[in-house]
Enquirer: 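I am attaching a structure below and will ask some questions about it afterwards.
As the structure is a prediction and not an experimental result, all values here were calculated from the model. Just so we're on the same page: letters track the sequence lines, and every chain starts at 1.
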Amino acid sequence: MERETRPAVVVGAGPAGLCAAIELKRAGAPVLLLDENSKPGGQLFKQIHKFFGSQEHRAGVRGFEIGKDLLRESLDLGIDVRLDTEVVGLDPNLNVWAVEARKRSYTLEASRVILATGATENAVPFPGWTLPGVMTAGCAQTLINVHRVLPGRRVLVVGSGNVGVIVAYQLLQAGAEVAAVIEAAPALGGYGVHTAKVRRAGVPMLVRTTIVRAEGSEGVERAVLAEVDGKFKPVPGTERTLEVDAICLAVGLTPSIELAALAGCRTFFVPELGGHMPLHDEFMRSSVPAVYVVGDIAGVEEASTAMEEGRLAGIHAAHSMGYLDREEMERRTADTRRRLRALRQGVFGEKRFVAKERVLAEKEKECP
Amino acid sequence: MTDAPELSAVNRVTRHAVLGDLEAAREVRIWFEGRPLSAREGEPILSALVAAGVGVLRHTKKGSPRRMFCGIGRCTDCVMTVDGVPGVRTCVTAVRDGMRVERQAGVGRWAREEERDGA
């Protein structure tokens, strides 16, 4: 079999991108891993809680430890990682346009492109949301866990999904007070284990509650909350005020699909997975031949699933480039799929599994 | 400029049950609005300012205060004028010794070349 010598280019060195590059390199394929940040790892190093899953998913291990292991593995394999390198363009012929250190611009001819660009946190506007002190939950998480600074002393967390309750707990661990976690839906949204820890710490968890406005002159001083009706409209007369100096928004994420859109990948709207996302098949191939999408860009899930998706794409790309025979590709793929399926179980996992099945079916229908 | 009182790191998380005690780092001196403060080598300007308790990083052209929003280089809420260059995303720009960081109004303005050279 003829081997492709132009490199596979992986965009994004978070959990999905690192795993894709590791699988490619393990198979002997040429690979370049690009990331706009000055350090690899994506959001993994902010995750100081223990991950779920079984032993082979490294359950019970904290996210940043998994990150360190992935970095060590990529270093041992000698993967070419280019940091401070922003990919600003991608065409359907796989020309990758990169800007290094915000100064030097160049293009790369890739044989395969694996997009592992992640997701962006959603905002929710309300009067006062631009005040200093209002930030995304991820912003607070980055500051406390990576840079070791407290962005506020008394914090309101808006949204009770996993990000909301995990960041609420991590704020407590960093020494802040959490005034409340509020949730507009009638039920709390995060995994029970995380929610219970926050509750045990004495943090009020208020359902059917929304933020009406933030008040303050040069920064947040108060948050005004209200109960909502069945249509999520604030109920007059239920307003209450909390004295806080920070408000963290944990209201979901949206796949960062800009590069996929530039390349012409067909997208599909999947609310359970964060909105518009590129269609993909079971090998994570998008509708554009040789462009793969892995991790949160292919539907917002978790770091553990992102890593397995990265592996799927890396294994398949290596095979299609002539570096893995079909039998070996199928063996490695089957192992990865089995682990991935195991991660998509339980109340939350099953919902994501069903949504992913819909994506695969749509891909099959639209671009067989 | 040197007479201005130093800002101290009031918001630094020095002890942590999971992450352990904050490791020592080489100190980098930067200037915020003419006031000196000490930062940790390698950290972004944003975290050094938040550690020092700076609440407002810039104003919009209508005078409304801003601080930060995403913290990872996506949203441009935290842009400031750094060594005479406006619009620098402080959350993804590392501190350097002697760096001068200033609030800007609106999109700010570029310092004249002689001002930048005098830094």
Side-chain angles (χ1 to χ4, degrees), chain A residues 36-39 42-43 45-50 62-65 84 86 102 118-123 128-153 169-176 216-220 245-249 256, chain B residues 8-25 37 39-60 62-78 82 85 87-95 103:
Chain A
E36 66 181 319
N37 296 292
S38 54
K39 289 174 190 144
Q43 312 307 310
F45 288 95
K46 304 168 189 180
Q47 312 306 323
I48 64 168
H49 59 283
K50 293 176 181 170
R62 297 181 195 276
F64 67 93
E65 300 287 356
D84 288 311
E86 205 168 346
R102 290 166 215 169
T120 306
E121 291 184 278
N122 295 338
W129 79 296
T130 58
L131 274 175
V134 180
M135 71 200 85
T136 67
C139 180
Q141 193 181 40
T142 307
L143 287 168
I144 54 180
N145 296 345
V146 180
H147 305 309
R148 302 280 295 252
V149 294
L150 267 186
R153 297 278 158 184
Y169 194 69
Q170 293 174 355
L171 280 161
L172 296 170
Q173 287 177 313
S217 53
E218 289 290 275
V220 173
D245 62 358
I247 298 170
C248 289
L249 306 179
S256 299
Chain B
S8 59
V10 291
N11 290 327
R12 195 64 79 175
V13 180
T14 51
R15 319 201 71 173
H16 197 289
V18 174
L19 297 170
D21 288 350
L22 185 62
E23 283 171 32
L37 63 101
R40 291 166 59 81
E41 183 175 40
E43 78 174 330
I45 300 165
L46 175 71
S47 75
L49 296 181
V50 173
V54 175
V56 177
L57 301 195
R58 69 178 175 100
H59 290 91
T60 63
K62 289 182 179 169
S64 165
R66 294 288 188 273
R67 192 186 199 194
M68 60 192 174
F69 189 69
C70 79
I72 54 170
R74 292 264 82 89
C75 74
T76 70
D77 210 32
C78 68
V82 176
V85 178
V88 174
R89 293 173 299 172
T90 57
C91 65
V92 289
T93 306
V95 291
R103 287 179 180 138

Enquirer: Checking the side chain of B:T90 only, and the main-chain atoms of B:C78 only, is there a donor and an acceptor separated by less than 3.5 Å?
Expert: yes
Enquirer: Tell me, for A:K50 versus chain B, whether the close heavy atoms (under 4.5 Å) come from the side chain, the backbone, both or neither.
Expert: neither
Enquirer: Within this structure, what is the CE-CH2 distance for the pair A:M135 and A:W129, rounded to the nearest 0.5 Å?
Expert: 13.5 Å
Enquirer: For chain A, which of B:S47, B:G42, B:G71 has the most heavy-atom pairs under 4.5 Å?
Expert: B:S47
Enquirer: Determine whether a donor-acceptor pair (N or O, by modelled atom type, separation under 3.5 Å) exists between the side chain of A:T136 and the backbone of B:F69.
Expert: yes
Enquirer: Checking heavy atoms, do the side chain of B:T14, its backbone, both or neither come under 4.5 Å from chain A?
Expert: backbone
Enquirer: Does any backbone or side-chain atom of A:L143 lie under 4.5 Å from a heavy atom of chain B? Answer side chain, backbone, both or neither.
Expert: side chain
Enquirer: Do A:R153 and B:N11 have side chains that get closer than 4.5 Å, going by heavy atoms?
Expert: yes
Enquirer: With a 4.5 angstrom heavy-atom cut-off, could you sort out which part of A:S217 is near chain B: side chain, backbone, both or neither?
Expert: backbone
Enquirer: Select, from A:T142, A:V134, A:D245, the one with the greatest count of heavy-atom pairs under 4.5 Å involving chain B.
Expert: A:V134
Enquirer: Which one, A:I48, A:L150, A:V149, leads in non-hydrogen pairs under 4.5 Å with chain B?
Expert: A:V149
Enquirer: Taking every heavy-atom pair that is under 4.5 Å apart, which of B:G73, B:P44, B:S64 has the most such pairs with chain A?
Expert: B:P44
Enquirer: What option among A:G175, A:G138, A:P151 has the most heavy-atom pairs under 4.5 Å with chain B?
Expert: A:P151
Enquirer: Between B:R74 and chain A, with a heavy-atom cut-off of 4.5 Å, which part of the residue counts as in contact: side chain, backbone, both or neither?
Expert: side chain
Enquirer: Heavy-atom cut-off 4.5 Å, strictly under: side chain, backbone, both or neither for A:A123 against chain B?
Expert: both
Enquirer: Closest approach of B:P65 and A:E218, non-hydrogen atoms and distance?
Expert: CG-OE2, 3.9 Å
Enquirer: Would the distance check show the side chain of A:R148 and the main-chain N or O of B:R12 forming a donor-acceptor pair, the cut-off being under 3.5 Å?
Expert: no
Enquirer: Backbone N or O of A:N145 within a donor-acceptor pair of the A:Q170 side chain at under 3.5 Å?
Expert: no
Enquirer: Are the side chains of B:C70 and B:D77 in touch, meaning some heavy atoms are under 4.5 Å apart?
Expert: no
Enquirer: What parts of residues 52-59 of chain B touch chain A if we use heavy atoms and a cut-off under 4.5 Å?
Expert: B:G55, B:V56, B:H59
Enquirer: Which one of A:Q141, A:R102, A:E121, A:K39 has the most heavy-atom pairs closer than 4.5 Å to chain B?
Expert: A:R102
Enquirer: Verify, without hydrogens or angle tests, whether B:R40 (side chain) and A:H147 (backbone) share a donor-acceptor contact under 3.5 angstrom.
Expert: no
Enquirer: Relative to chain B, which segment of A:E36 carries a heavy atom at a distance below 4.5 Å: side chain, backbone, both, or neither?
Expert: side chain
Enquirer: Heavy-atom cut-off 4.5 Å, strictly under: side chain, backbone, both or neither for B:R15 against chain A?
Expert: backbone
Enquirer: Mind checking whether B:V50 and B:R67 have side chains closer than 4.5 Å, heavy atoms only?
Expert: yes
Enquirer: For A:T130, is it the side chain, the backbone, both, or neither that has a heavy atom closer than 4.5 Å to a heavy atom of chain B?
Expert: both
Enquirer: For a 4.5 angstrom cut-off between non-hydrogen side-chain atoms, does B:M68 reach B:C91?
Expert: no
Enquirer: Is any side-chain heavy atom of B:I45 closer than 4.5 Å to a side-chain heavy atom of B:V95?
Expert: yes
Enquirer: Evaluate the side-chain proximity of B:L22 to B:V13: yes if any heavy-atom separation is below 4.5 Å, no if none is.
Expert: no
